Structures are given as C-alpha cells and as structure tokens.
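Residue numbering restarts at 1 for every chain, and letters A, B, ... go by the order of the sequence lines. Excluded from the calculations below are hydrogen atoms, water molecules and symmetry mates; all remaining heavy atoms, backbone and side chain alike, are included. Since we're looking at a predicted model, the values are computed, not measured.
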Number of protein chains: 2
Amino acid sequence: MLTIGKLGQAAGVKVPTIRYYEQIGLLPEAERSAGNQRLYSRKALDRLTFVRHARELGFTLDAIRDLLSLSDHPDQPCAAADAIAKAQLAEIEKRLARLASLKVELKRMVAQCAGGSIADCRVIEVLGNHSLCAAEHGPRESEGDS
Amino acid sequence: MLTIGKLGQAAGVKVPTIRYYEQIGLLPEAERSAGNQRLYSRKALDRLTFVRHARELGFTLDAIRDLLSLSDHPDQPCAAADAIAKAQLAEIEKRLARLASLKVELKRMVAQCAGGSIADCRVIEVLGNHSLCAAEHGPRESEGDS
DNA sequence: CTAATGTCTATAGCCACTGTAGCTTCAAGA
DNA sequence: TCTTGAAGCTACAGTGGCTATAGACATTAG
C-alpha cells in the first residue's frame, strides 16, 4: 500500500491532482489508514498511470472516463475505445494543421521586422490589418490552445 | 459610432467577449450613449481587430496587452514587439513538435487495433503501459493544448 | 521526544471566455 | 403613437484541468 505521495511519484502525477481526480470521480475513493490518510494499491497505480498517459496524449478527462469504464469491461468489443482514440487523433490533426499555418504567418511576420521603430513594425502592422495575412484560419472552432 | 453588437460583428468578436476585454482593462472603457449603451469609434474597431487577430495567432492576453501598449508608442524601436512575436513563434514550434509526436503514437495505437475485444485492445494496453510508447514526450511543461 | 516532513480538508485562483437571469433601451412596423 | 422584439445593460456562475494557500493532524527519522 502506497501513500498518496509515493503514488504520485510512481505515476508522475502531483498529489493535489490525484485528490482532484478522486473528487471528480475519475478515480474511486481511496482506502484510508487509521489516521485517515489515503492508501493505494498496485491496481490504483496502474489506473493512475493510465490516466496520466492518456492526458499526455491529450485526451480530455471525459474521454478518459470513458476509456476507463471500457477497460473495466474487457469482454466487450473494442470498437468504442478505437472510436475514442480515432476522434482524439482527428482532433490532434486539426490542431496540428492550425498550428502549422500559424507558424507560417508568425515566421513571415518576424522575418519582416527590419528592426526599425514601432511605426514601421511589421509585427504590429500585420496584427492590425488582416489583409496582410498569408493564411486563412478557417472558421473559429475552439482554437484556444494551451 | 458603433454599438457593441455592430462592433462585434465587424471585428469577429462576441459581444460578451468585448465586455470582458473592457472589464480586464485590455480595452479602454467605452463611451456611453444617453441610454448607457456602449459606443465605439473606428479606432476602437481597429484595436479590437488587432486583439482578435493576435488571439488567433495564439498570443496570450498579457502578450497582447504589451503589444497594444507598444503600438500606442510608435516612436520607440520595435525590438520589444519583435521579441514578443519571436517568443510566440517559439511557443508554437514547441507545441507543434509535441503534437506531432502525439500524433505518431496515436496513429500507431489506432492502427494496431484489430477490432477484437477490449481485453486485446492495443489502445487500452498502450495507455496502461508506458513502455509500449514509441515517442518520448519530454518533460511535462504546460502541454494542455486547446 | 522532538522536529521535519507528509497528509488532511476546504477554499480560492488561474486563463479566456461563455452562459444565465432579470432588467432597460432602442428601432421598426402597424 | 403604440407596440413588439431585438439588442443592450449588470452581476454573477460555470467551464476544464488543475494549482496554491491556510491551518490542522499524522507519520517518521534522529
């Protein structure tokens, strides 16, 4: 049995984050020691590692909740898990495309800065005048990265 | 003079967002009509367009605040604006690299799904077992895109 | 036994908005 | 002129995914 700190270290997740996951029902309530401290089994570590890894891959907590409940029923077909992963892949590809076009535009902007005064600064100018953009950004979607 | 709705349409920014920008001091307080409704000048439209465009490029509101104050002093050298844009570019390149490696791993995961049952599902398996990863994700940073 | 570290709860804050409720103001049509 | 419906107003709560703080209790090493 691990205390929350050891668990966090082992899984690479911060302690408050573990408590947060429990609070929102992503992890089951932990057993408690005589002194009311959380105790975790090896299985709990696996589960948390799964969560961390999925988070690293950009899955939302909701998607992870679904994946966890799927992995709790290993006899069912894996089409649902596959679908979640595919949706995630599509999301990431969308973001990649968007970031790539932002990068092009930013590069252009930065490259054109001749080091003069603000009045002649392309950075400021391009930001103020959309018609100077290279790329079309397409419709708005969520786009608030990070 | 434009009402807030027209301004929003013209700049491509939602009305509550404009009020929010005013509230946090990113935009100056708007003039008011006799009936207490906000009125905006052409200049305000330019400023808001600048903000929207910078947001689309992924600048934080703090960075935009700096850029705006730079553009309010056009006689100074543009090194600062250039630095902000370069920092933003570096950020975006980091995110691009990260997303690209996530994409590789997700693709591998999805490709290996043979359509069997959860018990054999690579998606679930890979998520649970870090040693099955292809890519190294590097240290944690912010990584919470979109 | 003591001191340092770890854990507990509860609560607030972060970013950049978005949504809600309940009101007032305005512009256009009958 | 009156009415109706859209658009505006304020204030506040909620989103996602944590992170930080405060003050009390538990555990462990020396």
Side-chain angles (χ1 to χ4, degrees), chain A residues 1-27 29-40 44 48 50-68 88 91 95 140-146, chain B residues 1-27 29-40 44 48 50-68 88 91 95 140-146:
Chain A
M1 286 299 190
L2 305 164
T3 59
I4 197 169
K6 306 286 175 196
L7 178 73
Q9 257 185 282
V13 175
K14 287 179 191 158
V15 167
T17 304
I18 299 171
R19 289 196 279 246
Y20 168 73
Y21 286 164
E22 180 183 314
Q23 189 193 312
I24 63 166
L26 191 67
L27 301 179
E29 291 194 20
E31 287 178 69
R32 299 297 182 116
S33 73
N36 197 35
Q37 303 197 346
R38 288 174 182 80
L39 292 177
Y40 296 93
L48 182 55
F50 182 101
V51 171
R52 193 214 61 187
H53 197 175
R55 283 297 296 143
E56 279 176 352
L57 287 170
F59 289 87
T60 64
L61 293 184
D62 268 0
I64 293 171
R65 214 187 292 267
D66 291 347
L67 288 170
L68 280 172
Q88 182 60 21
E91 256 309 306
R95 273 193 245 152
R140 335 219 52 255
E141 8 170 337
S142 82
E143 67 149 90
D145 320 68
S146 188
Chain B
M1 287 299 193
L2 305 165
T3 58
I4 197 170
K6 305 288 174 194
L7 177 74
Q9 258 186 281
V13 175
K14 285 178 193 158
V15 167
T17 304
I18 299 172
R19 289 196 278 247
Y20 168 73
Y21 286 164
E22 180 182 314
Q23 191 193 310
I24 63 167
L26 191 68
L27 301 179
E29 292 195 18
E31 289 178 66
R32 299 296 183 118
S33 72
N36 196 36
Q37 303 197 344
R38 289 174 180 82
L39 292 177
Y40 296 92
L48 182 54
F50 182 103
V51 172
R52 192 214 61 189
H53 197 175
R55 283 297 296 143
E56 280 177 351
L57 286 170
F59 289 87
T60 64
L61 292 185
D62 268 359
I64 293 171
R65 216 187 291 268
D66 291 347
L67 288 170
L68 280 171
Q88 181 59 21
E91 257 308 305
R95 272 195 243 151
R140 336 220 48 257
E141 15 170 331
S142 84
E143 65 146 273
D145 321 67
S146 184

Round to the nearest Å and state the distance from [X] atom [atom1] to [N] atom [atom2].
{"X": "B/I4", "N": "C/dT25", "atom1": "CD1", "atom2": "P", "value": "17 Å"}
{"X": "B/R52", "N": "C/dA16", "atom1": "CZ", "atom2": "P", "value": "17 Å"}
{"X": "A/L7", "N": "C/dG6", "atom1": "CG", "atom2": "P", "value": "15 Å"}
{"X": "B/L39", "N": "D/dG8", "atom1": "CG", "atom2": "C1'", "value": "11 Å"}
{"X": "A/Q9", "N": "C/dG6", "atom1": "CD", "atom2": "C1'", "value": "12 Å"}
{"X": "B/M1", "N": "C/dC26", "atom1": "CE", "atom2": "C1'", "value": "18 Å"}
{"X": "A/Q23", "N": "C/dT11", "atom1": "CD", "atom2": "P", "value": "11 Å"}
{"X": "B/E56", "N": "C/dC17", "atom1": "CD", "atom2": "C1'", "value": "15 Å"}

Respond yes when some side-chain nitrogen or oxygen of [X] is under 4.0 Å from OP1 or OP2 of [N], and no when none is.
{"X": "B/R32", "N": "C/dT24", "value": "no"}
{"X": "A/R19", "N": "C/dC8", "value": "yes"}
{"X": "B/R38", "N": "D/dC9", "value": "yes"}

Can you check whether A/Q88 reaches A/L57 side chain to side chain, under 4.5 Å on heavy atoms? no
Is there a side-chain contact between B/V51 and B/F59 in this structure, where contact means two heavy atoms from C-beta onward sitting under 4.5 Å apart? no
So, using side-chain contact (heavy atoms from CB on, under 4.5 Å) as the criterion, who are the partners of B/Y20 when residues are at least two apart? B/I24, B/L61
Degree of bending, the helix from C/dC1-D/dG30 to C/dA30-D/dT1 (end axes from five pairs; round to 10°):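 End axes: 10° apart.
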Step by step, work out the side chain to side chain contact (heavy atoms under 4.5 Å, CB included) result for A/L2 and A/L39. CA-CA 5 Å; A/L2 305 164; A/L39 292 177; over 6 Å; no
Picking from A/I4, A/L48, A/L7, what satisfies side chain to side chain contact (heavy atoms under 4.5 Å, CB included) with A/V13?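 The residue from A/I4, A/L48, A/L7 that satisfies side chain to side chain contact (heavy atoms under 4.5 Å, CB included) with A/V13 turns out to be A/L48.
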With the criterion being N/O to N/O and under 3.5 Å, what pairs connect the protein with nucleotides 25-30 of chain D, and how long is each?
from, atom 1, to, atom 2, distance (Å)
D/dA26, O4', A/Q37, NE2, 3.4

[X] and [Y]: which non-hydrogen atoms are nearest, and at how many Å?
{"X": "B/L26", "Y": "B/L68", "result": "O-CD1, 3.8 Å"}
{"X": "A/E31", "Y": "A/M1", "result": "OE2-CE, 3.1 Å"}
{"X": "B/G5", "Y": "B/V15", "result": "CA-CG2, 3.9 Å"}

For B/R32 and B/R38: C-alpha separation, side-chain torsions, deciding distance, then whether side chain to side chain contact (heavy atoms under 4.5 Å, CB included) applies. CA-CA 5 Å; B/R32 299 296 183 118; B/R38 289 174 180 82; 3.2 Å; yes
Non-neighbouring partners of B/R19 that pass salt bridge (Lys or Arg N to Asp or Glu O under 4.0 Å), sequence neighbours left out: none
Could you list the residues that satisfy salt bridge (Lys or Arg N to Asp or Glu O under 4.0 Å) with A/D62, not counting sequence neighbours? A/R65
At a cut-off of 3.5 Å, list every protein nitrogen or oxygen paired with a nitrogen or oxygen from nucleotides 16-23 of chain D, distance to 0.1 Å.
from, atom 1, to, atom 2, distance (Å)
D/dC18, OP2, A/Y21, OH, 2.7
D/dC18, OP2, A/R55, NE, 2.8
D/dT19, OP2, A/T17, OG1, 3.1

